[in-house]
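Values below: every heavy atom of this structure, side chains too, minus hydrogens, waters and symmetry copies. Quick caveat, the model's predicted, so the values are computed rather than measured. Below, chains carry the letters A, B, ... as their sequence lines are ordered, and counting in each starts from 1.
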Amino acid sequence: MTAESVKPSLDGLEAKWDAVWQESGTYRFDRTKDRAEVYSIDTPPPTVSGELHLGSVFGYVQVDSMARYMRMSGREVFYPMGWDDNGLPTERRVQNVYGVRCDPALPYEPGLVVEAKTDSKADKNRDVRMVSRANFLELCHELTAIDEVAFEKVWRDVGLSVDWGLTYATIDDRCRRVAQRAFLRNLQRGEAYASEAPTLWDVDFQTAVAQAELVDRDTASAYHKLAFVRADGGPAIEVDTTRPELLPACVAIVAHPEDPRYKDIAGSEVVTPVFGVRVPIVLHPLADPDKGTGIAMVCTFRDTTDIIWWRELDLPTRSILRRDGRLLEETPEWLPESGASVWPDLAGSNTKQARRKIVELLTEAGALIGDIRPIQHPVKYYEKGDRPLEIVTSRQWYIRNGARDTDRAEALIAAGRRLDWHPDFMRVRYEHWVGGLNTDWLISRQRHFGVPFPVWYRLDPSGEPTFADPILADEASLPVDPQGQPPAGFTEAQRGQPNGFIGDSDVMDTWATSSLTPQIACGWEEDDDLFARTFPMDLRPQGPEIIRTWLFSTMLRSQLEHGTEPWANTSINGWILDPDRKKMSKSSGNVVTPAALVDEHGADGLRYWACHGAPGIDTAIDYAQMKVGRRLALKLLNASKFVLGLGDDMSAAAAAGMQGAVTEAIDRAVLAKLAGVVAEATTAFEGYQYQRALERTETFFWNFCDDYLELVKLRAYGNDEGARSAQAGLAIALSTLQRMLAPFLPFAAEEAWSWWQVGSIHRAPWPSSSELFGQTGDATAEVLDVAASVLTEIRKAKSAAKRGMVTPVDRLVLTDTADRLAAFGLAEGDVRRAGVVAVVEVVEVVGVVGVDGTVDAVAAAEVATAEGVAATVTVELQAPVAT
RNA sequence: GGGCGCAUAGCUCAGUUGGUAGAGCGACGCCCUUACAAGGCGUUGGUCGGGGGUUCGAGUCCCUCUGCGCCCACCA
């Protein structure tokens with residue numbers, strides 16, 4: 001398409017320019033540039049599980065506008081994309097889509113083909129097929145590969161200027177290698193360790209869960225008041241509990257040391273109802289006299305406070321829950337005969353069934369006092385889980401994160417303060433999280449699709465593993481799969497044999513890999529040259545909800561490995577809200593797919609809406625804004641078409657303009673105003689205020705079209721010096737505006753640019769304010785301001801008279817101060833042509849000055865009335881002609 | 001219970017060091033005007049959440065209250 005040919009359209013621009021950009025490598029990183037010239041972005045790898053929703057697109061588009069600005073301003077932008085495909089979300093999706101479950105005990109079936117289920121909901125829980133670990137992992141890879149293609153399509157549709165040649169996936173060889181290498185180094189420096197300890201546990205997924213992945217959910221529960229008979233024959237002690245099914249795991253009851261009701265009987269014993277186990281009465285300051293009856297049942301383990309009591313009061317361990325959340329089959333050995341006799345009724349039951357049974361037994365024994373009182377209370381869940389977490393004892397890997405080391409925590413907070421946060425108030429979320437850590441970072445998961453721990457254990461002559469002295473993989477051999485490969489010096493035949501070995505069966509939590517995205521993207525220990533040019537990175541953009549996970553853990557890994565911050569800046573995007581301003585639910589975000597919005601409003605329309613949200617500020621979905629954005633994009637095409645149609649070679653006109661061809665005062669005035677806008681937008685972008693840059697540019701652009709363009713276009717049609725001045729001014733302004741809108745409307749800007757320029761606008765230099773000022777002489781904006789306000793008065797008069805805008809004006813009387821009349825005089829010809837004015841009379845007045853030192857015609861009229869002086873525009877229209 | 005953010009026109013939002021309240025959308029009216037009718041021009045519309053305070057002057061600074069959102073803690 002050319003400027004003159006047909007009516008400009010936005011349709012098809014996404015596909016057209018995406019193809020051109022890919023083919024010509026517009027966004028390809030030039031790795032010959034030095035670190036000082038490079039701007040590197042630690043793009044969040046989206047979780048590849050199904051479909052990208054609008055909330056993700058919102059933040060990525062904002063960052064893309066920054067990336068495009070940085071590229072135009074002369075930085076070489078390093079902008080990779082990653083896919084976070086390892087971990088539980090993928091496993092869960094594979095289970096649903098293929099109807100399979102992983103059974104590590106099964107042998108691998110080569111060439112196994114499993115059809116994806118068309119309707120996963122209908123087929124759920126039916127025909128579940130058990131497959132080997134290796135087959136399961138194959139299916140994970142198969143599905144994520146499909147999803148990644150779909151994701152890349154969406155990102156390209158919305159115009160992300162990433163270099164697709166730099167893409168990584170958190171399960172790929174490079175990421176597994178980096179994650180294993182970083183872990184081995186943590187281990188060797190003593191920053192990682194394994195420990196057998198009570199751990200929050202999801203009974204459905206059967207994996208340990210980290211502090212950062214907990215959520216509280218209000219859950220229905222009920223108080224049960226139990227009577228504990230005192231061993232010394234004193235009055236029974238009443239204990240409230242919401243977990244009566246854990247009564248057989250009770251190891252003590254605990255009260256506050258100052259509580260007068262209980263402190264004198266501390267150390268004596270009570271007998272648990274039904275089960276008849278003698279447990280001590282103990283004291284601890286964490287017991288709250290105001291909760292329940294003021295004395296609590298300590299079980300191993302009911303909640304995290306139990307762990308503290310158990311540890312600090314040196315209580316015994318009496319676990320009754322298996323890892324699948326059911327009670328033990330075998331009768332616990334600590335139960336006396338009376339308790340042991342009821343166990344067969346409880347064995348293997350889930351907690352709900354066990355609760356019902358135990359409540360029956362308590363009632364029969366007369367140990368349940370009063371009614372069961374239903375309550376709602378917050379309970380800890382795994383954020384991706386459906387049932388409350390339990391606590392089981394297991395061997396897990398941890399990384400020291402400052403929870404138990406004040407110096408490290410303070411160093412991490414100090415590192416956070418060296419980061420520039422956009423917006424700054426997000427910093428406190430990080431500091432609160434670091435300050436509130438209470439356990440080291442649990443990085444192991446008892447799952448399949450993840451990065452294995454590169455560790456084996458020797459088996460002793462009786463076949464028992466020796467955990468204290470693990471065999472570590474050699475860095476050169478990474479990535480390794482200890483469940484599929486033997487350690488050096490062993491053969492596969494020795495796996496599981498006495499004096500042989502076993503591989504660590506756990507995988508790393510997905511955050512243990514994604515905490516290394518700067519190292520992964522920049523080629524740490526893989527590509528030293530690239531690393532030197534890109535690390536530490538310039539920007540980490542991300543969502544506010546993962547400050548405690550991703551941002552914190554990345555900071556931690558970088559501090560441990562490099563002793564430095566991983567980036568200089570972090571920008572935190574806001575939430576997307578439903579149109580009713582509630583936080584967007586996943587379901588509604590998926591109903592409105594980004595692809596559908598691109599179809600309806602164009603990528604530029606969608607981007608315009610997204611770029612109106614400032615960093616960290618929540619933004620409502622607003623389809624009206626997307627329409628406005630689309631209109632702006634179309635306006636850019638139309639205005640470009642018009643300006644470029646004024647001469648045969650408008651880029652030559654722009655060049656002439658830069659050599660002094662802009663001679664008319666009003667043409668210089670528009671460039672002077674534009675120079676100010678360029679300065680403002682540049683400052684805004686440098687401070688990560690892309691939305692301000694957009695707002696200023698947009699406002700100027702509409703005024704440019706409505707006022708300046710209308711004022712000068714009739715003059716610009718000619719071929720004299722005045723026409724050449726207008727053409728030069730218009731060409732310079734158009735070039736500038738196209739470039740200033742390019743970060744926000746990359747497709748329309750590129751299209752309009754292509755009509756008269758060589759090369760991509762996205763590699764064109766960002767406009768220079770000082771260069772523009774160089775063309776304006778001593779011109780001020782006043783000429784344009786006065787002319788525009790007079791034109792507005794003329795339009796107002798015509799509109800009030802219900803006449804068309806081409807209606808001739810017989811006489812225009814302008815009453816104003818000398819300065820403004822002089823300014824008007826410099827643009828009088830343009831005003832007469834634009835307003836179709838026959839006769840102009842001017843009347844000079846004095847002393848009409850606005851409060852802020854400026855005058856415009858309308859405000860001046862209001863001020864002047866009180867002072868008896870008139871500054872007015874009188875418009876006398878030609879009488880209507882009868883037709 | 002602690003922290004952070006938000007509250008300005010019917011709607012979505014600007015308002016950078018305190019100095020006469022802005023824009024867009026919507027609504028209403030007008031206009032085929034040779035870049036644009038999927039357009040243009042114009043009009044209407046606000047005791048800046050409530051209450052105190054500082055100041056010559058507060059949407060802006062301080063205190064307080066209310067509502068909404070988010071984060072953290074507790075959870076017998």
Separation between the P atoms of rG67(B) and rG42(B), rounded to whole Å: 44 Å
Separation of rG42(B) P from E793(A) CD (nearest whole Å): 10 Å
Candidates rC72(B), rA35(B), rG15(B) - which lies nearest the side chain of C705(A): rA35(B)
Nucleotide of rA35(B), rC41(B), rC70(B) approaching R429(A) most closely (side-chain heavy atoms): rC70(B)
Proximity to the side chain of R631(A) - top-ranked nucleotide from rA38(B), rC75(B), rG24(B): rG24(B)
Per V628(A) side chain, nearest of listed nucleotides rC25(B), rG29(B), rC41(B): rC25(B)
Sub-6.0 Å ring centroid separation between F552(A) and W441(A): no
Residues that A603(A) engages under side-chain contact (heavy atoms from CB on, under 4.5 Å), provided they are two or more places apart: E14(A), V598(A), F747(A)
Selected nucleotide, minimal atom distance to K380(A) side chain, candidates rG29(B), rC36(B), rC75(B): rC75(B)
Separation of rG15(B) P from E680(A) CD (nearest whole Å): 11 Å
Any donor-acceptor N/O pair under 3.5 Å between rC75(B) base and D216(A) side chain: yes
F642(A) ring center within less than 6.0 Å of F704(A) ring center: no
Paired nucleotide for rC4(B) [Watson-Crick or G-U wobble; both distances under 3.5 Å]: rG69(B)
Touch class at under 4.0 angstrom, heavy-atom based, for D288(A) against every strand present: base
Separation between the C1' atoms of rG15(B) and rC6(B), rounded to whole Å: 16 Å
Euclidean distance for P, rU33(B) against rG40(B) (whole angstrom): 16 Å
Nearest-nucleotide pick for R795(A), side chain only, options being rG5(B), rG15(B), rC41(B): rC41(B)
